[in-house]
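To start, the structure under review is shown below, and the notes come after it.
In this chain, residues are counted from 1 in sequence order.
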Amino acid sequence: ISFALLALTFITLIGTAILLKENYSPITNYLSDLGLPGSSALFFNAGIILSGLLLFTFFFFLMKAMRKKESNLHLLQKIAYLTGFLASIALICVGIFPENIVPMHFIVSSAFFLLALATVVLFSVPIKQNKLTKNWIYNLISVCFIISNIWLIITQAPLPEHASVF
């Protein structure tokens, strides 16, 4: 439920921000442009903060579910949860520090993308072992996320940022 709520919150608030931002394009604008002062800022920043809080909740309940299935978490799982929690906090900070708050925004947004990438990679093994989800679905999503993040790191362009997030 927390993942569905996360997706619904993100899509609704960020989608509203995109619709409100004049001349917004994923080819020429970074998502963070939506958080700059203007008609989209409130929806974007609130959406990012709420999404970060819900992501934190998601990792908490995922950890509880994994603990029920397995009494001891492996080191890799513990590190994955830590990076997931830290990515959640970084995402919250993206909403608190808009793009015009330099250099904080760059630091927290970079931290979010790097920590989210690490979380996806680190969770690949435990999720596959515990079979909490259909492996092919998780593998497909993971590969797409990893490729779009590498694309973002290499090009630092807006379009791969959108691909990575959506």
Could you report the tightest heavy-atom contact between [X] and [Y], atom names first, then the distance?
X	Y	result
Phe97	His105	O-ND1, 2.7 Å
Pro158	Ile27	CG-O, 3.7 Å
Ala41	Gly35	CB-O, 3.6 Å
Asn100	Pro37	ND2-CD, 3.9 Å

Same cluster or not: are [X] and [Y] linked, directly or through other Ile, Leu, Val, Met, Phe, Trp or Tyr residues, by side-chain heavy atoms under 4.5 angstrom apart?
X	Y	answer
Ile14	Leu19	no
Ile101	Phe112	yes
Ile154	Leu159	no
Leu34	Leu42	no
Val165	Ile92	yes

Could you check if a side-chain atom of [X] sits within less than 4.5 angstrom of a side-chain atom of [Y], using non-hydrogen atoms only?
X	Y	value
Ser88	Leu91	no
Leu62	Phe58	yes
Ser109	Val94	yes
Phe10	Leu50	no
Pro160	Thr155	yes
Ile153	Leu114	yes

Nearest 0.5 Å please: distance from the [atom1] atom of [X] over to the [atom2] atom of [Y].
X	Y	atom1	atom2	answer
Leu122	Leu76	CG	CG	5.5 Å
Phe145	Ser164	CZ	OG	4.0 Å
Leu53	Thr9	CG	OG1	10.0 Å
Glu22	Ser39	CD	OG	7.5 Å
Lys78	Met63	NZ	CE	10.5 Å
Leu36	Phe44	CG	CZ	9.0 Å

Going through the distances and angles, do Asn23 and Thr28 end up as a side chain to side chain contact (heavy atoms under 4.5 Å, CB included)?
CA-CA 10 Å; Asn23 300 320; Thr28 57; over 6 Å; no

Just jot down the ring pair (Phe, Tyr, Trp, His ring centres under 6.0 Å) partners of Tyr24, sequence neighbours excluded, or say none.
His162

Output all residues satisfying ring pair (Phe, Tyr, Trp, His ring centres under 6.0 Å) with Phe56, sequence neighbours left out; order by chain, then residue number.
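Partners of Phe56 under the ring pair (Phe, Tyr, Trp, His ring centres under 6.0 Å) test: Phe85.
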
Can Tyr81 and Phe123 be said to form a side chain to side chain contact (heavy atoms under 4.5 Å, CB included), step by step?
CA-CA 8 Å; Tyr81 286 116; Phe123 265 120; 3.4 Å; yes

If only atom types and distance count, is the side chain of Thr83 paired as donor or acceptor with the main-chain N or O of Ala80 below 3.5 Å?
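At least one qualifying donor-acceptor pair exists.
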
